[in-house]
Amino acid sequence: MPPNLTGYYRFVSQENMDNYLRALDINVVLRKLVCLLKPDKEIIHTGDHMVIRTITSLRNYVMDFDLGVQFEEDLGPVDGRKCQTTVSWEGDQLVCEQLGEKRNRGWRHWLEGDQLHLRMTAEDEVCVQVFQKVK
């Protein structure tokens with residue numbers, strides 16, 4: 001049975017964010033700004049329904065979805081694109097596939113103890129973020 005990811009998580013660290021954003025064609029000014037942000041994550045996981053909130057001082061982003069059901073995701077706040085998104089479990093990892101203009105776009109979340117890990121991919125770039133559970 002997959003883990004329940006419900007909780008509030010504070011930013012700890014990230015690696016390779018600038019190159020990941022460059023692969024998404026984000027302009028240099030916005031890339032530099034995003035690299036300075038320290039987002040929090042709030043996850044509400046109820047059965048096959050999830051809400052993932054990414055919370056920053058600049059802008060918040062909310063994903064509200066049912067597991068295993070493809071939906072059109074409006075990534076306008078991120079990079080101005082829309083894609084067909086499906087989120088499902090692969091073992092203990094929550095995996096998101098975002099089909100659209102960018103190859104190999106998606107992410108995966110998993111827990112290691114009380115730390116939430118996020119691995120985001122776009123084209124050939126990989127960004128990893130780590131968050132600490134606080135409640």
Side-chain angles (χ1 to χ4, degrees):
M1 175 178 234
N4 189 310
L5 300 180
T6 295
Y8 194 92
Y9 303 85
R10 293 242 186 254
F11 177 85
V12 173
S13 65
Q14 71 186 8
E15 297 176 17
N16 204 38
M17 178 60 85
D18 189 64
N19 287 334
Y20 168 76
L21 295 171
R22 185 179 291 124
L24 293 174
D25 302 322
I26 305 297
N27 72 63
V28 66
V29 173
L30 188 53
R31 285 198 325 261
K32 297 303 177 193
L33 181 60
V34 169
C35 287
L36 294 174
L37 295 175
K38 294 177 173 30
D40 287 348
K41 292 275 186 183
E42 181 181 33
I43 300 176
I44 301 166
H45 179 179
T46 309
D48 285 339
H49 185 80
M50 296 187 81
V51 178
I52 301 176
R53 291 184 179 95
T54 303
I55 303 161
T56 73
S57 57
L58 178 64
R59 179 180 288 160
N60 299 335
Y61 183 72
V62 178
M63 280 187 79
D64 188 332
F65 58 91
D66 291 316
L67 292 164
V69 178
Q70 187 177 71
F71 62 97
E72 182 175 82
E73 183 177 10
D74 184 354
L75 291 162
V78 179
D79 66 352
R81 294 183 174 94
K82 290 184 180 182
C83 60
Q84 294 302 310
T85 298
T86 306
V87 183
S88 56
W89 289 105
E90 284 184 14
D92 288 345
Q93 295 189 6
L94 187 65
V95 178
C96 174
E97 182 180 29
Q98 297 167 314
L99 301 174
E101 294 175 35
K102 292 295 180 176
R103 179 181 56 78
N104 192 34
R105 185 170 186 173
W107 52 259
R108 59 181 58 227
H109 275 299
W110 69 93
L111 291 172
E112 289 182 13
D114 58 357
Q115 288 192 328
L116 178 72
H117 293 255
L118 170 60
R119 181 182 188 268
M120 299 177 285
T121 59
E123 301 290 329
D124 295 322
E125 295 298 335
V126 177
C127 173
V128 177
Q129 292 181 322
V130 177
F131 303 85
Q132 181 69 43
K133 187 170 187 174
V134 294
K135 56 180 173 171

Checklist entry - Would a 4.5 Å heavy-atom cut-off, applied to side chains only, mark Val130 and Glu112 as touching? => result no

Next on the checklist: Would you compute the distance between atom CD of Gln132 and atom CG of Asp40 and round it to the nearest 0.5 angstrom?
Outcome noted: 12.0 Å

Checklist entry - Which pair of non-hydrogen atoms, one from Glu125 and one from Ala23, has the smallest distance, and what is that distance? => result CG-CB, 3.9 Å

Next on the checklist: Please report the interatomic distance CD(Gln14) to SG(Cys35), rounded to the nearest 0.5 Å.
Outcome noted: 6.0 Å

Checklist entry - Hey, quick one: are Leu58 and Leu21 part of the same hydrophobic cluster, counting side-chain heavy atoms closer than 4.5 Å, chains of contacts allowed? => result yes

Checklist entry - Is there a path of hydrophobic side-chain contacts, each under 4.5 Å between heavy atoms of I, L, V, M, F, W or Y residues, that connects Ile52 with Tyr8? => result no

Checklist entry - Does the Lys82 side chain pair with the main chain of Glu72, one donor and one acceptor, at a distance under 3.5 Å? => result no

Item to check | Residues clustering with Val128 (ILVMFWY side chains joined when closer than 4.5 Å, directly or via others) | outcome: Val126

Next on the checklist: Using side-chain heavy atoms (C-beta onward) and a distance below 4.5 Å, is Leu94 in contact with Trp89?
Outcome noted: yes

Checklist entry - Any chain of hydrophobic side-chain contacts (each under 4.5 Å) joining Met17 to Leu30? => result yes

Checklist entry - Below 4.5 Å, heavy atoms only, C-beta onward: do Leu111 and Lys133 meet side chain to side chain? => result no

Item to check | Asp18 side chain near Lys32 side chain, heavy-atom distance below 4.5 Å | outcome: yes

Item to check | Co-membership, hydrophobic cluster, residues Val95 and Met120, 4.5 Å side-chain | outcome: no

Checklist entry - So with a 6.0 Å cut-off around CZ of Arg119, is the heavy-atom count from everything else above 12? => result no

Next on the checklist: Is it the case that atom CD in Glu15 sees more than 12 heavy atoms from other parts of the structure closer than 6.0 Å?
Outcome noted: no

Next on the checklist: Is there a side-chain contact between Arg105 and Leu24 in this structure, where contact means two heavy atoms from C-beta onward sitting under 4.5 Å apart?
Outcome noted: yes

Next on the checklist: I need the minimum non-hydrogen distance between Thr56 and Arg59, along with the two atoms involved.
Outcome noted: OG1-O, 2.6 Å

Checklist entry - CG of Asn104 to CD of Glu97: how many Å apart, nearest 0.5 Å? => result 9.5 Å

Checklist outcome for this item: Correct closest heavy-atom pair for Asn4 and His45 would be ND2-O, 3.3 Å

Checklist entry - Heavy-atom distance under 4.5 Å between the side chains of Val34 and Ile26, does that happen here? => result no

Item to check | Where Pro39 and Phe131 come nearest, the two heavy atoms and their spacing | outcome: O-CE2, 3.2 Å

Next on the checklist: For Thr6 versus Tyr9, what's the shortest heavy-atom pair and its separation?
Outcome noted: O-OH, 3.9 Å

Checklist outcome for this item: The residue among Thr54, Ile43, Val87 that forms side-chain contact (heavy atoms from CB on, under 4.5 Å) with Met63 is Val87

Next on the checklist: Just verifying a value: how many Å separate Asp66 CG and Ser88 OG, rounded to the nearest 0.5 Å?
Outcome noted: 12.5 Å

Checklist entry - Sequence neighbours excluded, which residues qualify as ring-ring contact (aromatic ring centres under 6.0 Å, His included) partners of His49? => result none

Checklist entry - Would you call the rings of His117 and Trp110 parallel, tilted or perpendicular if under 30° counts as parallel and over 60° as perpendicular? => result parallel

Checklist entry - Taking atom CG of Asn60 and atom CZ of Arg53, what is their separation to the nearest 0.5 Å? => result 9.0 Å

Item to check | Shortest non-hydrogen contact between Leu75 and Cys83, atoms and distance | outcome: CD1-SG, 3.4 Å

Item to check | Beyond-backbone contact of Arg81 with Gln98, side-chain heavy atoms, under 4.5 angstrom | outcome: no

Checklist entry - Is there a path from Phe71 to Val62 through hydrophobic residues (I, L, V, M, F, W, Y) whose side chains come within less than 4.5 Å of each other? => result no

Next on the checklist: If I take atom NZ from residue Lys41 and atom CD from residue Gln129, how far apart are they, to the nearest 0.5 angstrom?
Outcome noted: 6.5 Å

Item to check | Side-chain donor or acceptor of Glu123 paired with backbone N/O of Arg103 under 3.5 Å | outcome: yes

